[in-house]
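For reference, the structure is listed below as structure tokens.
Reminder, nothing fancy here: chain letters follow the sequence lines and each chain counts from 1. Below, each value reflects all heavy atoms present in this structure, side chains not excepted, and no hydrogens, waters or symmetry copies.
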Amino acid sequence: MKLFVSDGNPHCVKVLAVLEFTGVKCDVKHVNHEERVVPYLSRPALPALLLPSGTYLFSPNSICQYLIEVNGQESSDIVNQWLEWEATELQPAVMQALHMVVLQGKGAQTTRVLQGPLSYLDQSLSKRTTLFLTAEMVSVADVVLWAALYPILSDSSLVSGNQTELQHWFERVGMLAACGSAAQTALHGKGLKAESLKTYLQRQPSTHHGQGQVQGRGSQPCN
Amino acid sequence: MSLKELSSLEKALGLKKPNKYSTQGDRKVPVLQSINGPALVGLVTIATHLVQEAKRPELLGGSAEHKAVVQQWLEYRVTKVDGCHKEDIKTILKDLNSYLEDKVYLAGNQFTLADTLMYYGIHHVIVDLAVQEKEKYMNMTRWFDHVQHYPGVRHHLPPVVVLRNRVYTSGHH
């Protein structure tokens with residue numbers, strides 16, 4: 001089994017954190033952002049996991065779910081729900097915010113983009129009865145959401161003072177050794193200030209993260 | 001849109017009692033109300049839950065690998081296919097076509113939930129494809145035709161005519 005990652009790619013924080021968290025044995029190979037690892041995709045998609053059967057997994061969350069599954073843990077409705085929320089709601093907002101702050105130097109304007117999903121997460125955390133997001137123990141949902149938010153929430157200039165539940169949860173999950181070392185490997189522990197993050201973002205198609213789009217989605221969807 | 005899909009999925013799974021749904025947010029994300037637990041949010045989450053309720057775990061994939069592949073294409077449906085830009089449609093069709101070159105279904109030889117939801121999500125694109133384009137993306141069209149004829153799948157959607165004999169012989173690449 002081989003995991004392909006690229007330096008400065010924020011999606012790689014997730015899979016590296018879950019890989020270390022589960023302790024699953026796997027070769028990690030560092031490649032360029034442009035490397036087309038998955039043969040049937042026309043655009044580069046990293047991280048990617050090559051399974052012994054020759055199958056490729058190219059979605060970070062599916063790679064994380066696979067690692068958890070081979071480690072003997074079953075997924076649940078609540079974990080699935082957080083992973084789906086991360087992919088459909090949080091991720092477009094985070095990528096748009098990263099573009100604004102790292103490439104355009106518009107840190108102050110990211111609130112508009114991030115407010116919705118961050119408040120939702122903060123409120124959900126306030127209502128929960130368990131120590132972590134889905135249980136008393138850390139789950140794959142905590143690690144994936146932590147990794148998705150790492151570049152944003154590790155930067156004090158982007159943190160909103162009134163989302164205290166979110167802050168506490170972020171610090172608690174971040175204490176896991178797996179999270180710290182994944183942030184170190186993928187972004188050199190520098191978060192937004194990692195030079196490799198800038199290089200990564202510069203090479204992404206910018207049409208999806210344009211300034212005028214709050215959801216990271218186009219104004220003219222095809223359906 | 002997604003509520004119609006969930007209702008069709010319930011029928012396809014043979015679930016007798018229809019569930020209660022609502023939607024939330026600008027994207028009209030489906031919400032499943034539940035009497036004995038918290039509400040479930042999101043198309044993939046609810047669809048996965050319905051399959052488990054119907055005791056059809058094989059539709060989510062048998063092995064860890066198949067489960068991950070099914071989850072991946074379910075995620076692809078809600079992140080890439082839904083709300084895609086016009087210029088992205090060609091990339092999606094091309095990638096699916098290339099992926100399906102040596103496969104009957106998205107998870108290989110076995111029909112899964114990924115096929116059902118991808119079929120529902122991409123139907124509006126395939127309906128508008130010209131015959132020539134259908135031939136260009138032949139593996140994808142063949143998969144689409146398999147899925148629309150799979151027992152119980154095509155509930156709320158009209159059938160799409162797929163020619164089995166080529167009309168344009170020079171269009172092959």
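In this structure, chain B has heavy atoms under 4.5 Å from both the backbone and the side chain of A:Leu41. For B:Val70, no part lies near chain A; criterion is any non-hydrogen pair under 4.5 Å. No part of B:Ala107 comes within reach of chain A, as not one of its non-hydrogen atoms sits under 4.5 angstrom from that chain. Heavy atoms closer than 4.5 Å to chain B are found in the backbone of A:Tyr56, but not in its side chain. With a 4.5 angstrom heavy-atom cutoff, B:Glu101 does not touch chain A via any of its atoms. Within the 4.5 angstrom heavy-atom criterion, no atom of B:Leu96 approaches chain A.
Pairs engaging residues 47-58 of chain B under the salt bridge (charged side-chain N to carboxylate O under 4.0 Å, His left out) rule: B:Arg56-B:Glu58 [sequence neighbours left out].
Between the side chains of B:Asp128 and B:His124, no donor N or O sits under 3.5 Å from an acceptor N or O. With no hydrogens or angles considered, a side-chain donor-acceptor pair links B:Ser22 and B:Gln33 at under 3.5 Å. Between the side chains of A:Thr88 and B:Thr79, no donor-acceptor pair is found at a separation under 3.5 Å. When only modelled atom types and interatomic distance are considered, A:Asp142 and A:Trp169 share a side-chain donor-acceptor pair under 3.5 Å. If you check the side chains of A:Ser59 and B:Glu75, you find a donor sitting under 3.5 Å from an acceptor. If you check the side chains of A:Gln115 and A:Ser119, you find a donor sitting under 3.5 Å from an acceptor. A side-chain N or O of B:Asp115 and one of B:Trp143 form a donor-acceptor pair less than 3.5 Å apart.
Checked against ring pair (Phe, Tyr, Trp, His ring centres under 6.0 Å), A:His11 has no partners two or more places apart in sequence or in another chain.
When the heavy atoms of residues 44-51 of chain B are compared with those of chain A, the residues falling under 4.5 Å are B:Val44, B:Thr45, B:Thr48, B:His49, listed by number. Contact residues of residues 60-86 of chain A toward chain B are A:Asn61, A:Ser62, A:Gln65, A:Tyr66, A:Glu69, A:Val70, A:Asp77, A:Asn80, A:Gln81, A:Glu84 (heavy-atom distance under 4.5 Å).
Taking the ring centre of B:Tyr105 as origin, the terminal cationic atom of B:Lys103 falls outside the region bounded by 6.0 Å and 45° from the ring axis.
Under the 4.5 Å side-chain criterion, counting only non-hydrogen atoms from C-beta, B:Tyr150 is not in contact with B:Tyr119.
Salt bridge annotation for B:Asp82-B:Arg77: present, with a cationic side-chain nitrogen under 4.0 angstrom from a carboxylate oxygen.
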